[in-house]
Amino acid sequence: MKLSRKIALVASVGAVGAAAAVLPMASSHAATACAPAWSASSVYVGGNTASQSGHNYTAKWWTQNESPATNSSQWAVWADNGVCGGTTPTTPPTTNPTTNPTTPPPSSGTKMAAAPYLFPGWGNPPAPATVVNATGIKAFTLAFVLASNGCNPAWDGSTGLTGGVHASTITAIRAAGADVVPSIGGWSGNKLGPNCSTPEALAAAYQKVIDTFQLKAIDVDIENTDEFENYVVADRIVDALRIVKQKNPNVKTILTFGTTPTGPNVHGLRLIQQAKAKNANIDVFTQMPFDFNGHADMYASTIGATEGLKNALKTTFGYTDAQAYSRIGISGMNGLSDQQEVTTVETWTRIRDYATSKGLARFAFWGVNRDRGCAGGGVVSECSGIAQADWAFTRVSAGF
């Protein structure tokens, strides 16, 4: 998103899933009978049962390699059904469960509708109804809220919040039956983080955006040296999001930032640690897995980045795997990235299937303006640079 966003502002598990053995478990019909023994290599989904150390357990959502005996507290993945005994079945039933989570983990990082980025006034933006009707997408991330005349939120930093093309686009999105998440920040432009001098002032700017559009979520896209690598500003953003969450407990707060192919860099790790230290209660940590200096395998890089983020969240917050996944988002770049990496529709489908199977909270890409084919067209604002059908990436994302 870096070069493309900069240009725009100036101008305006596949393989992982296949490797996991799915072992269906049926509920025990006798109160004292033990369900089949839990297996670390098997996949369980909500409602599946297993036994361990003389107790029966029921999975609350998708899980693998999480011992029931040590993961059955109130907010953990397994429910302890009590002591069991008697005959234990030697073979599991033949009915296969679904491989997707049926109930999200009990954390505030609950799954959201896929919301690819849409940038009004740039890259020949499509009519929202056209895309919604063609793909079934239920939400868009609208770019970008910046700063105007100090600490005042404004679309693109110049058009205010109401009366312009962004406001009319929000109206059109909702009229088409979808909803919107505003993206605050981005790679370029005059941003609120550096311009609002205190966390309270920054939170008030965020609150103005929330109130103006009656929002259910906000995405703070923290990039570049002015915010992501400026720790005074980064901490101000985290503090402001804590204030916003305290005042709006039902509004989802999302932090979006760059990554390496193996997970957050030093700035990303510090951001996560500060969110914990400041008790910011961030709902979703979203990484942008692209611009890896031309790294070719975008599926492997995206999975590696996501697994690295999962491990960072587990280490920082003490989450289980499932709880960590439930607070993670992926925000990719369709077609050609700024550094000529290629994400095809088939690759994006595999990434979506991985995200769904792991119970991730958020799924997005940059952007709908580019979701049209133009093989050999390069990195441009109105198409993806590869051969594809119109809205193919959005259609895949709608299946998240």
Side-chain angles (χ1 to χ4, degrees), residues 1 13-14 16-17 61-62 99-102 104-105 107-119 128 131-132 134-143 173 178-183 216-221 252-259 263 282-290 298-310 313 322-335 337 343-371 384 388 391-400:
M1 276 179 250
V13 345
V16 174
W61 56 85
W62 191 100
T99 57
N100 296 336
T102 56
S107 70
S108 56
T110 309
K111 182 176 177 179
M112 305 171 67
Y117 283 76
L118 178 63
F119 199 163
V131 181
V132 170
T135 66
I137 199 71
K138 296 298 183 185
F140 297 92
T141 304
L142 206 63
I173 288 171
D179 208 350
V180 64
V181 178
S183 181
K216 299 175 183 175
I218 59 171
D219 168 40
V220 177
D221 192 336
K252 301 294 183 186
T253 53
I254 305 161
L255 268 178
T256 297
F257 50 95
T259 183
I282 303 298
D283 290 295
V284 185
F285 296 89
T286 298
Q287 290 187 135
M288 297 179 288
F290 55 87
M298 295 308 289
Y299 176 79
S301 296
T302 299
I303 303 312
T306 305
E307 291 296 317
L309 176 56
K310 182 250 314 187
L313 294 180
Q323 288 170 330
Y325 283 130
S326 80
R327 289 180 177 267
I328 289 175
I330 290 174
S331 183
M333 188 166 180
N334 53 314
S337 76
T343 299
T344 64
V345 174
E346 185 275 336
T347 298
W348 190 239
T349 302
R350 293 173 64 203
I351 292 170
R352 179 208 62 191
D353 291 346
Y354 161 82
T356 302
S357 73
K358 295 299 185 182
L360 265 58
R362 178 166 165 78
F363 199 64
F365 69 88
W366 177 260
V368 177
N369 305 61
R370 303 178 63 249
D371 196 7
S384 65
Q388 63 157 97
W391 325 129
F393 285 88
T394 305
R395 188 174 292 108
V396 169
S397 301
F400 171 70

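The figures that follow rest on heavy atoms only: side chains count, while hydrogens, waters and symmetry mates do not. Starting from 1, each residue takes its place in the sequence as its number.
The side-chain heavy atoms of I330 and R362, taken from C-beta on, include no pair separated by under 4.5 Å. By the 4.5 Å heavy-atom criterion applied to side chains, I351 and Y299 are counted as neighbours. Counting heavy atoms from C-beta on, the side chains of L142 and F119 never come closer than 4.5 Å. The shortest side-chain heavy-atom distance between I254 and D283 does not fall under the 4.5 Å cut-off.
How far CD of Q323 is from CZ of R327: 8.5 Å, rounded to the nearest 0.5 Å. For the atom pair CE (M298) and CZ (F290), the distance works out to 8.0 Å, reported to the nearest 0.5 Å. Considering CD1 of I328 and OG1 of T286, their distance stands at 9.0 Å, rounded to 0.5 Å. Between F393 atom CZ and T344 atom OG1 the span is 6.5 Å, to the nearest 0.5 Å. From L309, atom CG reaches atom CZ of F285 across 8.0 Å, with rounding to the nearest 0.5 Å.
Ionic pairing of K138 and D179 is not present here: no N-O contact between side-chain nitrogen and carboxylate oxygen is shorter than 4.0 angstrom.
The two residues M112 and V284 come nearest to each other via the heavy atoms SD-CG2, 4.3 Å. Residue T141 comes nearest to S183 through the heavy atom pair CG2-CB, 3.8 Å, listed as atom of the first residue, atom of the second, then distance. Summarising the geometry of L118 relative to P128, their closest heavy-atom pair is CD2-CG, 4.5 Å, with the distance given to 0.1 Å. Annotation for V132 and A178: closest pair CG2-CB, 4.1 Å, computed over non-hydrogen atoms. Annotation for F400 and L360: closest pair CZ-O, 3.2 Å, computed over non-hydrogen atoms. For the residue pair Y325 and K310, the shortest heavy atom distance occurs at OH-CE, 3.5 Å.
Applying the side-chain hydrogen bond (donor to acceptor under 3.5 Å, both in side chains) definition to pairs two or more places apart or across chains, those involving residues 391-400 are W348-S397, D371-T394.
Using a distance-only test at 3.5 Å, with no hydrogens or angles considered, no donor-acceptor pair links the side chain of D219 to the main chain of P182. A donor-acceptor pair under 3.5 Å links the side-chain atoms of Q287 to the main chain of A305, judged by distance alone. At least one donor-acceptor pair under 3.5 Å links the side chain of R370 to the backbone N or O of W366. S337 places no side-chain N or O within 3.5 Å of a backbone atom of M333 that could act as its donor or acceptor partner.
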| Check against side chain to side chain contact (heavy atoms under 4.5 Å, CB included), F363 and R352 | CA-CA 8 Å; F363 199 64; R352 179 208 62 191; 3.6 Å; yes

| said: Set out, in order, the CA-CA distance, both residues' side-chain angles and the distance that settles side chain to side chain contact (heavy atoms under 4.5 Å, CB included) for F140 and V131, then state yes or no. | reply: CA-CA 10 Å; F140 297 92; V131 181; 4.1 Å; yes

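A donor-acceptor pair shorter than 3.5 Å cannot be found between the side chains of N334 and S384. In this structure, a donor-acceptor pair under 3.5 Å is present between the side chains of Y354 and E307.
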